[in-house]
Amino acid sequence: LIFEDDSTSEPIGASKLASAIEESEKSVLAIAYNGQLSKRMYEIASEANVSTIIGTSIKSGEKPSEEVEAWATSDWS
C-alpha cells in the first residue's frame with residue numbers, strides 16, 4: 001500500500017489486502033500489487049475508495065470501474 005504521506009506498508013498478500021486497507025490508520029493513495037490485476041483487485045480498490053492500482057499486468061478482457069485507474073508495469077517497457 002502507498003499512503004498519502006508517501007510511506008508504504010509491508011507487503012500484504014491478496015487475501016488480506018481488503019482488511020489491511022480497512023484497518024489502516026493512514027489514508028491509502030494507491031495499491032501496488034506484484035501480480036496480474038483482475039476484477040477482484042478492482043473491486044477491492046473501488047470498495048476502499050482507492051483510486052489508483054498498479055500491477056505487473058492487466059488480465060485480458062478485464063477493466064477497472066470508472067473510479068479506479070489501473071496501471072501495468074508490463075506496459076512501461
Side-chain angles (χ1 to χ4, degrees):
L1 302 176
I2 302 170
F3 301 107
E4 66 180 352
D5 64 359
D6 292 331
S7 64
T8 58
S9 70
E10 293 295 320
I12 301 165
S15 64
K16 297 180 182 178
L17 187 58
S19 62
I21 294 170
E22 185 178 311
E23 295 169 5
S24 174
E25 294 178 5
K26 297 180 183 179
S27 180
V28 178
L29 182 64
I31 298 169
Y33 181 64
N34 186 21
Q36 187 177 60
L37 300 179
S38 65
K39 182 179 177 182
R40 179 63 185 135
M41 295 303 293
Y42 303 140
E43 289 171 356
I44 291 171
S46 181
E47 290 168 4
N49 293 316
V50 177
S51 61
T52 305
I53 186 167
I54 305 162
T56 55
S57 62
I58 296 174
K59 189 172 181 179
S60 180
E62 294 194 10
K63 297 181 180 179
S65 61
E66 290 183 14
E67 51 286 328
V68 176
E69 184 175 16
W71 295 86
T73 59
S74 62
D75 293 340
W76 299 345
S77 53

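For the numbers below, each heavy atom of this structure counts, side chains included, while hydrogens, waters and symmetry mates do not.
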Can you list every salt bridge (Lys or Arg N to Asp or Glu O under 4.0 Å) pair that touches residues 49-59, not counting sequence neighbours?
-> K59-E62
Sequence neighbours excluded - salt bridge (Lys or Arg N to Asp or Glu O under 4.0 Å) pairs with any residue from residues 11-24 = none
Pairs under 3.5 angstrom only: tabulate donor-acceptor contacts from the side chains of residues 1-15 to other protein residues two or more places apart or in another chain.
from: D5; atom 1: OD1; to: S7; atom 2: N; distance (Å): 3.0
from: D5; atom 1: OD1; to: S7; atom 2: OG; distance (Å): 2.5
from: D5; atom 1: OD2; to: K26; atom 2: NZ; distance (Å): 3.4
from: S7; atom 1: OG; to: K26; atom 2: NZ; distance (Å): 2.9
from: S9; atom 1: OG; to: L1; atom 2: N; distance (Å): 2.9

Would you list the atom pairs, donor with acceptor, under 3.5 Å between side chains in residues 29-57 and any protein atom, with sequence neighbours excluded?
from: S46; atom 1: OG; to: E67; atom 2: OE2; distance (Å): 2.9
from: T56; atom 1: OG1; to: G35; atom 2: O; distance (Å): 3.0

